[in-house]
Amino acid sequence: MTEILSPELEAVVASAAAAAPAFAATTPEHRARAIVAVADALEAHKPALVAIGMRETGLTEVRLTGEVTRTAVQLRLFADTLVDGGYLDARIDHADPDFALGVRPDIRRTHLPVGPVINFSASNFPFAFSVMGGDSAAILAAGCPLIVKAHSGHPELSDATAAVATEALAAAGMPEGTFQLIHGREAGVAVLKDARIKAGAFTGSIAVGRLLADIAASRPAPIPFYGELGSVNPVFITADAIAERAEEIATGFLTSVSGSAGQLCTKPGFVFVPAGTGLAAALQDAAGELPEHRLLDPRIARSFDERRTEIMNAPGVTAVLPGGIRFDEAGHGWATPTVVSVSLADFRTSAEALVEEAFGPLSILVETPAGEDLAALMPEFYEGNLTGTIHLSAEEATGETANVAELRALVAALSQQVGRVLFNGWSTGVAVTPAQQHGGPWPATTNDTSTSVGTAAISRFMRPVAYQNAPDAFLPDALRDLNPAGVPQTIAPAGESKNWGARWR
């Protein structure tokens, strides 16, 4: 049975449920204008929002300013996506009296909004994965009423962002209850359990994500739950790549590890390098005086300090860049990047202490002996990750070197266990673009059939519905013969089944 909500939460959920039919019935153009209005309003309020974000999170003005821009871009991208209509996957199979299996009725299939969705926002992206971040953009674009559970790390910023979005959506004529914000973990759990909520989204830790996913799955009527959780994002660098551009690789690596104090789900946590190469020396040369950076909140700082100590004390671990962390009077932690190295043999021995993610500016070089089967290392140490990276030399990139079979096997192994395979780059750059895949097998995400970045993210909050022999007047616009919405349609005319498989005989 659904638990009884507090009067305040009951009002929120009831409002979202009441808004669902009206919001789903809005035209794509109307929703697109509303979403763009939110994007414009966020950018108009950027200075005030960034100032709050700097105070609450310790992230820099440059980082937060760029994140507001990214958030606005995501919203505008989804506005164009929903008007284009390709995400509806409209399919039309005309009636066919000569169908191979007997008379086929007219069948038409498209996707509809699932209904009210709760989105648990992230700590490390107070704009791009928070109140109006990528999940929220996809949910609103899909036509689903949105309830955001604010992150406790930036409550004031969450309220300010929500106020901007609420005003913009109301001015654009969206139904009351289209968007609402709540605070508190218990409130979020209570809403997730409510039968009127039809899906959930989350960005955060493995422990909390698993807890919420289990709640969603154990409801009397289970619902989809899309959680983005932990990832260590392994990197493999060939000896030839290091010999060719060690300084460039070292600089890019340090930038990726130290950016935003390493508090990114795509931070490269492990770098596998051939033993005896000069990457460690190149890192020391490139490091210089790296500035310290405040971690998001005291809890995260304490957790990073404990995790860093555990790693530094593991057998066989050597400091390449010792880094460090200090705590101020308010309990905030200020960290400089730590990079350590360990042989593959010691890594295997100390795997229990080393393989877990360190959420902060720390990464581990794993030195592999000559002849090691790199492809076999993935299933040995990891389940799923958001990304996997390979750095090749210019000659290796042609696919004509003696080690091409080994490299192809490594690419295949990575493809089985990550959502995005990168070459000669760094995983902390996540382009907001239609082809992006930001997800991966457990524990990177709770459901690796989807993405939380890119236009495919909208599909998480739609469900397929087929209409059989429906009169045109009762069909969704996307399935009508005249196609008034102008969306892409996949049409199977009568008689096509006669030729199925003929070309393969």
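Only this structure's heavy atoms are used, side chains among them; waters, hydrogens and symmetry mates stay out. Note that the coordinates shown come from a computational prediction; the quantities given were computed from them, not determined experimentally.
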Trainee: Any side-chain heavy-atom pair from Phe120 and Leu212 closer than 4.5 angstrom?
Mentor: yes
Trainee: Can a donor-acceptor pair be found between the side chains of Thr387 and Asn233 at a distance below 3.5 Å?
Mentor: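 Yes, because at least one side-chain N or O of Thr387 sits under 3.5 Å from a partner of the opposite role on Asn233.
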Trainee: Is any side-chain heavy atom of Ser452 closer than 4.5 Å to one of Phe129?
Mentor: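 Touching, per the 4.5 Å side-chain cut-off.
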Trainee: Do Thr338 and Arg308 have side-chain N/O donor and acceptor atoms under 3.5 Å apart?
Mentor: yes
Trainee: Pairing donors with acceptors under 3.5 angstrom, does anything connect the side chains of Asn447 and Thr449?
Mentor: yes
Trainee: Of all the heavy-atom pairs spanning Ser393 and Ala241, show the shortest one and how long it is.
Mentor: N-CB, 3.8 Å
Trainee: For Ala351, is there any backbone N or O sitting under 3.5 Å from a side-chain donor or acceptor partner on Glu356?
Mentor: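 No, Glu356 side chain to Ala351 backbone: no donor-acceptor pair under 3.5 Å.
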Trainee: Between Arg76 and Asp80, does any side-chain N to carboxylate O distance fall below 4.0 Å?
Mentor: no
Trainee: Got a sec, which pairs hit side-chain hydrogen bond (donor to acceptor under 3.5 Å, both in side chains) with one end in residues 357-378, sequence neighbours left out?
Mentor: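 Every side-chain hydrogen bond (donor to acceptor under 3.5 Å, both in side chains) pair that includes a residue of residues 357-378, provided the two are not neighbours, is Arg348-Glu372.
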Trainee: Can you confirm whether or not the ring centre of Phe347 sits under 6.0 Å from the ring centre of Phe270?
Mentor: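 Yes, the ring centres sit under 6.0 Å apart.
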Trainee: Among side-chain atoms of Ser256 and Thr428, is any donor-acceptor pair under 3.5 angstrom?
Mentor: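 There is such a pair (donor and acceptor under 3.5 Å, judged by atom type) between the side chains of Ser256 and Thr428.
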Trainee: Thinking salt bridges, do Glu67 and Arg63 make one under a 4.0 Å N-O criterion?
Mentor: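 Yes, Glu67 and Arg63 are salt-bridged.
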Trainee: With the side chain counted from C-beta on, respond yes when Asp135 and Ser121 share a heavy-atom pair under 4.5 Å apart, and no when they do not.
Mentor: no
Trainee: Could you check whether any side-chain heavy atom of Phe127 comes within less than 4.5 Å of a side-chain heavy atom of Thr69, counting everything from C-beta outward?
Mentor: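 No, their side chains stay 4.5 Å or more apart.
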Trainee: Are side-chain heavy atoms of Arg219 and Ile197 found at a separation under 4.5 Å?
Mentor: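 Touching, per the 4.5 Å side-chain cut-off.
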Trainee: How far does OG1 of Thr389 sit from CZ of Phe253, to the nearest 0.5 angstrom?
Mentor: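 Answer for the OG1-CZ pair, Thr389 versus Phe253, is 11.0 Å.
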Trainee: Could you report the tightest heavy-atom contact between Pro234 and Tyr382, atom names first, then the distance?
Mentor: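 Looking at all heavy atoms of both residues, the closest pair is CB-CE1, 3.9 Å.
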Trainee: Is any side-chain heavy atom of His438 closer than 4.5 Å to a side-chain heavy atom of Thr266?
Mentor: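 Yes, their side chains come closer than 4.5 Å.
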Trainee: Please enumerate all residues that pass salt bridge (Lys or Arg N to Asp or Glu O under 4.0 Å) together with Arg307, with sequence neighbours excluded.
Mentor: Glu310
Trainee: Sort out for me which residue in Val366, Val271, Leu365 forms a side chain to side chain contact (heavy atoms under 4.5 Å, CB included) with Val235.
Mentor: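 The residue from Val366, Val271, Leu365 that satisfies side chain to side chain contact (heavy atoms under 4.5 Å, CB included) with Val235 turns out to be Val271.
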Trainee: Within a strict 4.5 Å, meaning less than it, do heavy atoms of the Tyr87 and Thr455 side chains meet?
Mentor: no
Trainee: Going from OG1 on Thr65 to CE on Met54, what distance comes out if it is rounded to the nearest 0.5 angstrom?
Mentor: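 Answer rounded to 0.5 Å: 8.0 Å.
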Trainee: Could you check whether any side-chain heavy atom of Val114 comes within less than 4.5 Å of a side-chain heavy atom of Ile223, counting everything from C-beta outward?
Mentor: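 They are not in side-chain contact.
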